[in-house]
Amino acid sequence: MNKLIILGSSNAIPTEKHENTHMAAVGQEHTLLIDCVSNPIIRLPQAGLEFNKLTDLILTHFHPDHVSGVPLLLMNMWLLGRKNPLNIYGLHHTLDRIEDLMGFYDWYNWPNFFPVAFHRLPQEEMTPVLENSDFRVFASPVRHLVPTIGIRVEFVKSHKSMAYSCDTEPCPQVIKLASGADVLIHEATGGTSPGHSTASQAAGIAREAEVGSLYLIHYPTRDFDPQTLIPEAKEIFPGAVALAEDFMEINFN
Ligand SMILES: [Zn+2]
């Protein structure tokens with residue numbers, strides 16, 4: 001328990017070994033999914049997670065490589081008889097579109113659907129997202145092409161913490177969000193795409209935030225060797241640097 005499982009690590013174009021970026025924080029009583037792609041009913045059990053134990057889902061922004069799995073997750077949970085409520089958190093921009101998307105599927109007429117609570121977050125720094133016996137979670141707006149949030153997760157029982165930049169250009173909001181965290185998971189899409197960061201920019205944020213270690217994620221995987229990003233980041237950040245890989249577990253005990 002008190003761990004983060006990387007469920008996908010790729011940028012917007014996945015490969016066989018690298019699914020689109022999403023991850024799950026696992027506590028004793030709660031499991032929190034951060035973004036939702038592919039088909040979670042397949043992916044979560046592959047990572048050793050019972051997908052009906054999901055209690056909370058945070059959606060960072062409304063791009064297909066971060067939210068395309070939501071309709072299948074909701075439909076499959078319903079078809080498998082879920083009764084427990086599911087909390088979904090995100091900005092107004094994101095959740096309005098998720099509700100519209102589900103509306104296109106006519107989900108209000110799906111009989112005996114389990115309760116889904118939408119929690120709309122303001123675009124303010126260090127917004128409290130949720131607090132339970134396992135996690136305390138905060139969100140801050142970051143710099144991407146559409147309204148987007150980065151996330152800080154504090155593991156209540158072990159007093160460890162992590163931050164996830166989401167898709168962003170380097171910005172002071174992520175430095176504050178990640179300040180003093182044990183782990184920063186930062187995107188490294190590359191400098192040619194607007195709204196994104198390079199590995200060395202991610203390392204600069206990690207250094208400013210004085211985090212314990214840096215995991216690069218959301219990196220290119222097609223016709224590209226992401227290992228080359230490690231020395232690039234190590235030139236800037238003095239702590240440990242690694243690539244987040246699919247099904248990697250990061251311990252927060
Ligand atoms: Zn993305």
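All values below were derived from every heavy atom in this structure, side-chain atoms included, with hydrogens, water molecules and symmetry-related copies excluded. Ligands are counted one by one from 1 in listed order, and the atoms in each one are counted from 1 as well.
Here the options are His66, His144, His186, the test is ring pair (Phe, Tyr, Trp, His ring centres under 6.0 Å), and the partner is His218; only His66 passes.
Excluding waters, the set of protein N/O/S atoms under 2.8 Å from the Zn ion (ligand 1) reads Asp65 OD2, His66 NE2, Asp167 OD2, His218 NE2.
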Would Thr189 and His196 count as a side-chain hydrogen bond (donor to acceptor under 3.5 Å, both in side chains) here? Give the steps.
CA-CA 6 Å; Thr189 309; His196 290 286; 3.0 Å; yes
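Applying the salt bridge (charged side-chain N to carboxylate O under 4.0 Å, His left out) criterion to Arg152, with sequence neighbours excluded, gives Glu154. Qualifying salt bridge (charged side-chain N to carboxylate O under 4.0 Å, His left out) partners for Glu16, counting only residues two or more places apart in sequence or in other chains: none.
For residues 175-200, no residue pair satisfies the salt bridge (charged side-chain N to carboxylate O under 4.0 Å, His left out) rule, not counting sequence neighbours.
Both Ile41 and Leu44 belong to a common hydrophobic cluster when Ile, Leu, Val, Met, Phe, Trp and Tyr are linked at side-chain heavy-atom distances under 4.5 angstrom.
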